[in-house]
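Remarks on the structure that follows.
Residue numbers start at 1 and run along the sequence shown. Computed from a predicted structure; not experimentally measured.
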Amino acid sequence: MSKIQMTTPLVEMDGDEMTRIIWRMIKDDLLLPYIDLKTEYYDLGLKHRDETDDQVTIESAEATKKYGVAVKCATITPNLARMDEYDLKKMYKSPNGTIRAALDGTVFRAPILVRGIDPYVRTWKKPITMARHAYGDVYKNTEYRVEGPGRAELVFTDESGRGTRELIHEFEGPGIIQGIHNLDKSIEGFARACFSYALDVKQDLWFSTKDTISKTYDGNFKAIFQRIYDEEYRDKFEAIGKEYFYTLIDDAVARVIRSEGGFVWALKNYDGDVMSDMMATSFGSLAMMTSILVSPDGAFEYEAAHGTVQRHYYKYLKGETTSTNSVATIFAWTGALRKRGELDGIADLVTFADKLDEATIETIESGKMTGDLALITTLPEVTKLDTEGFILAVKETLERKLA
């Protein structure tokens with residue numbers, strides 16, 4: 001079979017640890033035999049980020065704006081332990097946060113549903129899509145360690161040089177301060193992306209923050225969502241019998257648990273980070289969730305919504321067998337390939353992405369899966385495969401479908 005030809009490159013962002021190993025396996029076994037793969041490659045592995053003073057992360061974001069479609073491997077966000085382990089020059093910020101800030105997009109995450117992997121929440125019958133704002137908040141924060149007594153103030157100086165000051169706290173001893181911000185323009189883009197996505201999938205849209213406590217910051221999110229809904233989207237939602245509503249995040253959590261699913265849940269940056277991991281685990285596994293960053297300018301970045309699987313990587317380095325779930329990373333690649341095919345009018349590339357998705361799900365539903373799923377499946381007969389064994393099993397299923 002001749003390879004599928006691509007006309008425009010994907011932006012390929014390589015990553016760290018076990019997911020970097022899986023990345024190579026997916027390319028070697030599931031992509032390169034079938035596609036004349038064209039990518040503009042960026043190594044976002046922690047060592048190379050340190051060598052470039054993290055400039056490579058910025059360059060990868062700019063390339064995503066240029067080409068319109070990117071696929072990203074999981075990467076390390078270093079803490080003090082990682083700084084020592086990798087002998088880093090400094091404690092770099094999250095590469096995901098850097099890329100999301102550059103693209104000013106919205107992250108949409110949804111579970112990958114497979115027969116035999118049942119949600120832990122028994123009421124859930126349909127997927128719940130998380131819409132996460134991808135700019136600002138703690139991911140673009142400024143922090144300060146207070147060493148002793150003193151006065152902390154929030155100061156803003158306008159263009160004329162006039163300043164306003166608000167007391168944060170009178171410190172009587174050591175403590176910490178954090179400053180976060182957001183932009184009306186970014187929040188408006190987030191709101192429009194959420195409304196548009198919900199209309200596309202014909203689902204209700206929920207939005208939740210904590211405006212009773214954060215009356216100005218969270219209250220601004222609430223007001224912007226309501227204004228844009230009233231001015232631009234209310235008639236469109238009512239025309240298809242769907243609704244938008246706002247509720248406090250603690251009330252939303254209770255409603256979500258009691259629901260049957262089948263809606264889009266919009267959240268601020270940090271709330272979306274935490275809740276999407278909870279959602280993925282509740283539906284079965286962190287490795288069973290798609291993640292798409294959509295920018296207001298129409299750029300798309302596809303990634304796995306989990307970490308670098310550090311524990312398995314250390315086992316791999318010792319030559320021990322691992323059984324690491326690669327489904328989310330496979331779906332990141334297929335999502336990017338499908339979008340590239342759609343934008344470039346390459347039907348064969350779209351069809352291939354669809355068939356690889358189907359082959360991955362059918363392999364699991366046939367009872368062949370990695371260890372994390374084998375522990376929770378309701379299928380009666382299961383074969384637990386190691387990391388590469390699962391990818392090769394998917395390849396076998398894919399070849400039958402392509403034939």
Side-chain angles (χ1 to χ4, degrees), residues 15-23 25-26 30 71-76 96 107-130 132 256-257 261-262 265 272-292 302-316 321-335 356-394 397:
D16 287 299
E17 297 188 321
M18 197 64 206
T19 45
R20 189 181 181 96
I21 306 302
I22 289 171
W23 194 262
M25 292 177 181
I26 290 171
L30 300 179
V71 58
K72 181 182 174 297
C73 184
T75 46
I76 295 169
N96 287 339
V107 178
F108 294 96
R109 289 180 171 172
I112 300 166
L113 300 187
V114 179
R115 180 176 56 85
I117 308 298
D118 299 331
Y120 287 105
V121 181
R122 65 178 184 271
T123 57
W124 288 351
K125 308 299 181 187
K126 305 171 187 176
I128 299 170
T129 300
M130 310 290 299
R132 173 187 171 188
V256 166
I257 295 300
W265 186 14
D273 189 2
V274 174
M275 290 299 176
S276 61
D277 279 0
M278 181 274 290
M279 194 69 65
T281 304
S282 299
F283 270 101
S285 169
L286 281 173
M288 299 293 287
M289 176 168 275
T290 60
S291 183
I292 311 165
Y302 297 78
E303 63 174 340
H306 56 74
T308 58
V309 202
Q310 178 185 14
R311 182 172 58 86
H312 285 200
Y313 180 61
Y314 291 160
K315 291 180 65 176
Y316 173 85
T321 301
T322 64
S323 184
T324 314
N325 191 328
S326 54
V327 172
T329 307
I330 293 172
F331 271 65
W333 271 105
T334 57
L356 181 48
D357 279 357
E358 293 166 6
T360 304
I361 291 172
E362 289 174 17
T363 299
I364 296 170
E365 292 183 343
S366 74
K368 299 175 182 176
M369 61 190 71
T370 47
D372 61 324
L373 300 184
L375 289 171
I376 62 174
T377 185
T378 56
L379 295 176
E381 296 183 17
V382 172
T383 302
K384 176 185 170 182
L385 300 173
D386 64 19
T387 305
E388 188 171 19
F390 174 73
I391 291 173
L392 293 176
V394 172
T397 308

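The closest side-chain heavy-atom distance from S291 to V107 is below 4.5 Å. Proximity of M278 to V274: side-chain heavy atoms (C-beta onward) are nowhere separated by under 4.5 Å. With contacts defined as side-chain heavy-atom distances shorter than 4.5 Å, the pair W23/W333 qualifies. Taking the side chain as every heavy atom from C-beta outward, T360 and T334 never approach each other to under 4.5 Å. Using a 4.5 Å heavy-atom threshold, the side chains of L379 and M369 count as touching. Residues F390 and M25 form no side-chain contact, since every pair of their non-hydrogen atoms from C-beta on lies 4.5 Å or further apart. Taking the side chain as every heavy atom from C-beta outward, F283 and D118 never approach each other to under 4.5 Å. Looking at M275 and V256, their side chains never come closer than 4.5 Å, going by heavy atoms from C-beta outward.
Taking E358 as the reference, K401 meet the salt bridge (Lys or Arg N to Asp or Glu O under 4.0 Å) condition, with sequence neighbours excluded. Scored by the salt bridge (Lys or Arg N to Asp or Glu O under 4.0 Å) test, K126 finds E260 as partners (sequence neighbours excluded). Under the ring pair (Phe, Tyr, Trp, His ring centres under 6.0 Å) criterion, Y316 pairs with no residue at all, not counting sequence neighbours.
The shortest heavy-atom contact between P127 and L113 is CG-CD1, 3.5 Å. Looking at every heavy atom in both residues, V382 comes nearest to A374 through CG1-CB, 3.9 Å. Counting all heavy atoms, side chain and backbone alike, D277 lies closest to A305 at OD1-O, 3.8 Å. Heavy atoms only, all atoms of each residue included: Y313 and E17 are closest at CD1-C, 3.5 Å. Among all heavy-atom pairs drawn from I391 and L30, the shortest one is O-CD2, 3.7 Å. Counting all heavy atoms, side chain and backbone alike, A328 lies closest to M289 at CB-O, 3.5 Å.
Counting only distance, with no hydrogens or angles, the side chain of T290 and the backbone of A110 share a donor-acceptor pair below 3.5 Å. Between the side chain of T377 and the backbone N or O of L373, no donor-acceptor pair lies under 3.5 Å. Side-chain atoms of S323 come within 3.5 Å of backbone atoms of L385 as a donor-acceptor pair (strictly under, hydrogens ignored). The backbone N or O of R115 sits less than 3.5 Å from a side-chain atom of E365, completing a donor-acceptor pair. Distance alone, capped at 3.5 Å, is enough to place a donor-acceptor pair between the T123 side chain and the I257 backbone. With hydrogens and angles ignored, the 3.5 Å screen pairs a side-chain donor or acceptor of S276 with a backbone N or O of D273.
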Mind running side chain to side chain contact (heavy atoms under 4.5 Å, CB included) on H306 and T19 for me, showing each step along the way?
CA-CA 9 Å; H306 56 74; T19 45; 3.6 Å; yes

Could you walk me through whether I21 and T322 pass side chain to side chain contact (heavy atoms under 4.5 Å, CB included), step by step?
CA-CA 11 Å; I21 306 302; T322 64; over 6 Å; no

Set out, in order, the CA-CA distance, both residues' side-chain angles and the distance that settles side chain to side chain contact (heavy atoms under 4.5 Å, CB included) for Y120 and I376, then state yes or no.
CA-CA 10 Å; Y120 287 105; I376 62 174; 3.0 Å; yes

In sequence, state the C-alpha distance, the side-chain angles, and the governing distance for I76 and Q310, and then conclude on side chain to side chain contact (heavy atoms under 4.5 Å, CB included).
CA-CA 9 Å; I76 295 169; Q310 178 185 14; over 6 Å; no

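Put simply, OG1 on T324 and CE on M18 are 4.0 Å apart, with the number rounded to the nearest 0.5 Å. Atoms CD1 and CZ, on I22 and R20 in that order, are 13.0 Å from each other to the nearest 0.5 Å. Rounded to the nearest 0.5 angstrom, T75 OG1 and D16 CG are separated by 6.5 Å. Atoms CE and CD1, from M130 and I128 in turn, are 8.0 Å apart once rounded to the nearest 0.5 Å. Taken to the nearest 0.5 Å, the CD1 atom of I117 stands 11.5 Å off from the CD1 atom of I361.
With respect to K368, the side chain to side chain contact (heavy atoms under 4.5 Å, CB included) criterion is satisfied by exactly one of T397, V394, T363, L392: T363.
At a cut-off of 3.5 Å, with distance as the only test, a side-chain donor of D372 or S285 sits close to an acceptor on the other residue.
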